[in-house]
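This one's a predicted model, so the numbers in the text were calculated from it and none came from an experiment. Start at 1 and go down the list; that is how both ligands and their atoms are numbered. Just the heavy atoms: all of them, side chains too, but no hydrogens, waters or symmetry mates, feed the values below.
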Amino acid sequence: MKYRYVVIILACFNLLFGYAQRVESLLENNWKFVKGEVSGAQSVTFDDTDWESVTVPHDWAIYGPFDRNNDLQNVTIVQNLEKKASLKTGRTGGLPYIGIGWYRTSFNVPDGKRATLVFDGAMSEARIYVNGAEVCFWPYGYNSFFCDVTEFLHTDGKKNTLAVRLENKPQSSRWYPGAGLYRNVHLLITEEIHVPVWGTQITTPHVNDDFASVCLHTKVEGAEQKELTVVTDIISPDSVVVTSKMTKGYHNERSLVQNFIVENPYLWSPESPKLYVAVSKIYCEGKHVDTYCTRFGIRSIEYIAEKGFYLNGQHRKFQGVCNHHDLGPLGAAVNKSALRYQLSLLKDMGCDAIRTSHNMPAPELVELCDEMGFMMMIEPFDEWDIAKCENGYHRYFNEWAEKDMVNMLRHYRNNPSVVMWSIGNEVPTQCSPEGYKVAKFLQDICHREDPTRPVTCGMDQVDCVLKNGFAAMLDIPGINYRTSRYKEAYEKLPQGLILGSETASTVSSRGVYKLPAVENFSKLYSDHQCSSYDLEACTWSNIPDVDFALADDYPWTIGQFVWTGFDYLGEPSPYDKDSWPNHSSMFGIIDLASIPKDRYYLYRSVWNKEEHTLHVLPHWNWKGYEGKNVPVFVYTSYPSAELFINGKSFGRKEKSQSSLKERYRLTWYNAIYEPGEVKVVAYDEEGNIVDEKTVRTSGQSHHIELVPSRTVLSADGKDLVYITLRIVDEQGNLCPLDNSLVTFDVKGAGKFRASANGDPTCLDAFHLPKMHVFNGMLTLIIQSGYKSGVIEVVARSKGLKSGKLDLLVK
Ligand code: GAL
């Protein structure tokens, strides 16, 4: 039987009002917030009228102000090869995230129902109170957790008071963690008999082009000795019921198991992210008590010694990036539209994988990776029982590690995007003699909860882990940096595979070019920037070319996760030692304002197999350098190109295997600056001219150009559009040295949400409607309201013609 099932699918994702038996809502509005300790704030009668009104997700620290004293740390960073302690500034973003914060709201639950609160993440040490009573505590700020609050509810239809106390200790992080209820809070109302949170597990034990076997385990709570019936429909990506099953069982069995065969399945992959849904109706003694939807994908993964990684039988190498969870100027407050925009940039670059370094992701990110097609390595921890940060997770590891792992694994084990678990990042425990036991404990939890995916760990102490059995014990050895040790590790370890669990850590500032264009490691400049010739890294890291070669030259490397896709708040290496005002990273392929740096096109030229890349750097405004050498680099997927400066050829270059620097880039170190135009003409393998790009010396700054990521937004109160603001000359050429102050005026059906310019030293507040451009550009983020209409955006700067743009909200 095949019929359309659109209505049920919409209901699964809360696009309709849900089922009577199960109603899930987000607690987004009507929250009150205060920073600081408040006695009695959990009580029902507490008066919070003076507190600030906020919506959740909310990050209390992102509004600043930035201050070097917010997060001073006097520490030795062993991972960065430091031998003695030094004062670190801006290490966690220079924002006021430390301290206590309280949130309060209220909610209704009809009599006779069960109520569960699900927190996608609360930063941190969350104490949850319902009607004055503490109902749960969850210390790790990155993990999702839930509390059944039924027994604490008022029974007379009165509103229930929810209060949340959070506390961030100093020296608890190595990057900006965000603060507060920075992820969603869900209220889940069910019948007494119901499928609990993350109560299903779906696997696809056999997958080929003709058919797939699908196995669904469903847990049911509250049924005591009663007989249950589960009726499940499997719905295809085109909303057709492809198979169904009715199964009877008892609640005291571990779970009800249903097996299906799906014929001619759509296989999930980054290129074709097709999703199925299992809709399960639960009946008890003939009464329909619950409906539970499990979204999943059909795909096979294999990691084969000496050969590598296979998805649906096809060999591929991870073209991945690591990301921290902050969204730049939005802070840690999750926003699906912002994540979608970031992922679309990565997709265009040819990236196909994300590592959620070094903590559990927001559920929205995993959903989007399923939908948009990214493979994921989900990683829970940056430290185990031995500290990296004085007040880091090690304080909780022994008591909480298993609980944290279980929540992470149950939450994400049905997501097809997840192809591997990581149990940690550069944990100091890797060098302890007992280290492999701790690793085994965590790996065993992964295998117990999810027998379908392998486990890795990002290791940086290659000597230790090769000697002490730590690396040999893992399903997949993951090496962070230390590229010169890959071969030795491969030869000494039994797995026959090496993963670049963290690579590159190249540093650059968008639009900044330093001469001479030579390789530098942890080089400091007086302007506190790094060069976008993409030849600079830190003492422990390398330029992208090294990792490309490792992927290309050895069948046993299974690809890489570059540090990082996006710049993030905190860890401003190499400007971390008393180098205020640096407070955000320079590792990103894309800057903090979500504007691609030159490096984006280097990765794109190697990774994007669908479209060609031809990108020229640097800019061509070098007053004072007339007649001098200004090297020109070209990042291109074409095999060769010719450079012309004001019509004069500087020769044709070809990619060459003879040296690493010529393998992936074309470089003209002989280029001589004179104002005018740099033109690059690209040739295909047969020598035909196939493309060209020109960069011109710009004239005086003349007007503001606004380039929106899209022009129509949904009226859901949280949709975002990213507008790239460019200062250009009269002809429309970018003015690459302009750092003017711009003010924004946003009216109508939406509001100004934030702006950023990607300058790691800039202290302009993200949420105020003014910002300096950085090398001619910045990003302006506009948020939709709840009503349809037009948003009028105007950007002004002294002496320049304003930029104007209308956006539609519907
Ligand atoms: C790694 C670490 C990352 C980040 C990176 C910077 O050692 O795993 O979290 O600190 O270095 O290069």
Identify the protein atoms, limited to N or O, that lie within less than 3.5 Å of an N or O atom of ligand 1, and list each pair with its distance to 0.1 Å.
residue  : atom   : partner : partner atom : Å
ligand 1 : 7 (O)  : E426    : OE1          : 2.6
ligand 1 : 7 (O)  : E426    : OE2          : 2.7
ligand 1 : 8 (O)  : N425    : OD1          : 3.2
ligand 1 : 8 (O)  : N425    : ND2          : 2.9
ligand 1 : 8 (O)  : E426    : OE1          : 3.3
ligand 1 : 8 (O)  : E426    : OE2          : 3.4
ligand 1 : 8 (O)  : E502    : OE1          : 2.9
ligand 1 : 8 (O)  : E502    : OE2          : 3.0
ligand 1 : 9 (O)  : R174    : NH2          : 2.7
ligand 1 : 9 (O)  : H358    : NE2          : 2.5
ligand 1 : 10 (O) : R174    : NH1          : 3.1
ligand 1 : 10 (O) : E571    : OE1          : 3.1
ligand 1 : 10 (O) : E571    : OE2          : 2.4
ligand 1 : 11 (O) : E502    : OE2          : 3.4
ligand 1 : 12 (O) : S505    : OG           : 2.6
ligand 1 : 12 (O) : W540    : NE1          : 2.8

Pair T89-R68, side-chain donor/acceptor within less than 3.5 Å: no
Just say parallel, tilted or perpendicular for the rings of W563 and H324, cut-offs at 30° and 60°. perpendicular
Can you name the salt bridge (Lys or Arg N to Asp or Glu O under 4.0 Å) partners of E399, sequence neighbours left out? none
Disulfide bond (SG atoms under 2.5 Å apart) involving C446 - partner list, sequence neighbours excluded: none
Y436 and F470 aromatic centres sub-6.0 Å: no
For Y513, enumerate each residue passing the ring-ring contact (aromatic ring centres under 6.0 Å, His included) test, keeping only those at least two apart in sequence or located in another chain. Y533, H619
